[in-house]
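In what follows, a structure is listed as structure tokens, so that the remarks can point back to it.
In what follows, chains are A, B, ... by sequence order, proteins preceding strands, each numbered from 1. When reading the values below, keep in mind they use all heavy atoms of this one structure, side chains included, and skip hydrogens, waters and symmetry mates.
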Protein chains: 2
Amino acid sequence: MTIQDERAESPGRTQRADARRNHDLLLRAAREIFDEEGDTSMEAIAKRAGVGIGTLYRHFPRRIDVVEAVYRDDVDQVVAVAERDVATMSPWEAVDSFLHAFVAYAFGKRRFLTELREAFEKNPELKCDARERLEAAIRLVVERGQGAGVVRADVTGDEVFGLLGPMCTSASLTREQCDRLVGMVLDGLRPPVTR
Amino acid sequence: MTIQDERAESPGRTQRADARRNHDLLLRAAREIFDEEGDTSMEAIAKRAGVGIGTLYRHFPRRIDVVEAVYRDDVDQVVAVAERDVATMSPWEAVDSFLHAFVAYAFGKRRFLTELREAFEKNPELKCDARERLEAAIRLVVERGQGAGVVRADVTGDEVFGLLGPMCTSASLTREQCDRLVGMVLDGLRPPVTR
DNA sequence: CTTCAAATGGAGGGACCCTCCGTATAATAG
DNA sequence: CTATTATACGGAGGGTCCCTCCATTTGAAG
């Protein structure tokens, strides 16, 4: 186990060529099939990749490991948007732009993200790196707004994530409704005014 | 089939005493076991009720039918709160009070509601009566606020439901965070002010 | 080529949802 | 009370899925 982990972490060590190739085939197959079908079985992923079910489980011991691996790439894209917005926009513009972009992206992946969310609920300890990076991206934008005084201070970025993330995976809302709700949430994010 | 439906709809017609008793036993068992375990198997429900699995399926042909039956009672309670708030409070107070009450109630039932939401996602056509009554309850409160000019007009009650409902079933938010987010959403619900 | 750890593939175990149908029984007629 | 019968019951078993196990194969090193 330890040996295997060390090997995985130092790519120079021996990993057989067929293993690396099958790993890539499986990941590609999983991404395709999640995009097309929404949910699927482990058998279907293995078949799509052209390998046996045992090979799939060698590379991804549990179903959630496949889901998480696919998730990782998605997170990269969102993080990049956050960093770009923070670098190029005013504090409030960045919040507005990023939250809309986040919801747009998440909405398009809703079926896959539903599966991921279920996996997280079954294994709450699995707040994996990917998810933490995503929350960090939202925090980056939100806390910058709070520092500039354009975002209320009594809500955290993680909480905003907890509000908008589940909304995107809700089957009953259209894309337009999600956008409208983001607008409303943005209004709620501004520092409260006395009425 | 038609005969059976007609019989079910007119309670005076013959339904055997054991059937009615088992129906109640099953419903009670399902409620208990959902509250205690969160999710469960059909076998466990039947066992808890002391009947065979076949009897369970006679009364509730699919898993979602059990979930929906339990859901129905929950909805009754929420609807009653909405009606009480509308009858006894000012338009804005009713919105504030009801949304907090709604989230508090839903939060306590989060594990069960997660199961229900999944069922809805698998069968989107099953926007059952119960769910519609729930949405109607939120509409009742929200639209009254809109009529009085204290709630922005460009968001519907159903959309607020779509925002807060999924939030409650999110595993990553605590009760306190949900409450704080409701406060923020309430601020966002007020008619926008120019800044 | 030899050797062997690494990797493969698929049968099968276990859990679950649901169907089917032989058996049992409540309700009704005589 | 008994006979009749539609109604209801119970659980074996089919199908699907996740995952494990291990006999077999194969890439890589000497």
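For the residue pair Asn22(B) / Thr55(B), no side-chain donor-acceptor distance below 3.5 Å is found, with atom types taken as modelled.
In this structure, the ring-ring contact (aromatic ring centres under 6.0 Å, His included) partners of Phe161(B), at least two apart in sequence or on a different chain, are Phe102(B). Taking His59(B) as the reference, His23(B) meet the ring-ring contact (aromatic ring centres under 6.0 Å, His included) condition, with sequence neighbours excluded. With sequence neighbours left out, Phe112(B) forms a ring-ring contact (aromatic ring centres under 6.0 Å, His included) with Phe34(B). Listed by chain and residue number, Asp24(A), Glu32(A) satisfy the side chain to side chain contact (heavy atoms under 4.5 Å, CB included) test with Arg28(A) (two or more places apart in sequence, or in another chain). Evaluation of the side chain to side chain contact (heavy atoms under 4.5 Å, CB included) rule for Val142(A) yields Ile138(A), Gln146(A), Val151(A) as partners, not counting sequence neighbours. Applying the side chain to side chain contact (heavy atoms under 4.5 Å, CB included) test to Ser170(B) and every residue at least two apart in sequence or in another chain returns Pro166(A), Ser172(B), Leu173(B). Remark: Ala44(B) pairs with Ile33(B), Thr40(B), Ser41(B) by the side chain to side chain contact (heavy atoms under 4.5 Å, CB included) rule, at least two apart or across chains.
Within residues 47-54 of chain A, the residues having any heavy atom under 4.0 Å from DNA chain C are, by residue number, Val51(A), Gly52(A), Ile53(A), Gly54(A). For residues 25-40 of chain A, proximity to DNA chain C is found at no residue, defined as any non-hydrogen atom under 4.0 angstrom from a strand atom.
Residue pairs meeting the salt bridge (charged side-chain N to carboxylate O under 4.0 Å, His left out) criterion with at least one partner in residues 171-181 of chain B, sequence neighbours excluded, are Glu159(A)-Arg180(B), Arg175(B)-Asp179(B).
In this structure, Arg131(B) and Leu116(B) have side chains that are not in contact, with every pair of non-hydrogen atoms separated by 4.5 Å or more.
dC18(C) atom C1' lies 16 Å from atom NE2 of His59(B), rounded to whole Å. Across the protein-nucleic acid pair, Glu43(A) atom CD and dC18(D) atom C1' stand 7 Å apart, rounded to whole Å. Computed from coordinates, the Phe60(B) CZ to dT19(C) C1' distance equals 18 Å when rounded to whole Å. For Met42(A) and dG12(C), the CE to P distance is 21 Å, given to the nearest whole Å. With rounding to whole Å, Leu56(B) atom CG is found 16 Å from dA12(D) atom P. Ile45(B) has its CD1 atom 17 Å from the C1' atom of dG11(D), to the nearest Å. For the pair His23(A) NE2 and dT8(C) P, the computed distance is 11 Å after rounding to whole Å. With rounding to whole Å, Glu118(B) atom CD is found 14 Å from dC16(C) atom C1'.
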Could you write nucleotides 21-26 of chain C as a row of B, S and -, 5' to 3', where a protein heavy atom under 4.0 Å of any base atom gives B, of only sugar-phosphate atoms gives S, and otherwise -?
----BS

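Closest to the side chain of Ser41(A), out of dC17(D), dC9(D), dC16(C), is dC17(D).
Base engagement by Thr55(A) is indicated by at least one non-hydrogen atom pair under 4.0 Å involving a base atom.
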Please list every donor-acceptor pair under 3.5 Å in which a side-chain atom of residues 76-84 of chain B meets a protein atom from a residue at least two apart or in another chain.
from     : atom 1 : to        : atom 2 : distance (Å)
Asp76(B) : OD1    : Arg133(B) : NH1    : 2.8
Asp76(B) : OD1    : Arg133(B) : NH2    : 3.1

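Considering only side-chain N and O atoms, Asn22(B) lies under 4.0 angstrom from the phosphate OP1 or OP2 of dC9(D).
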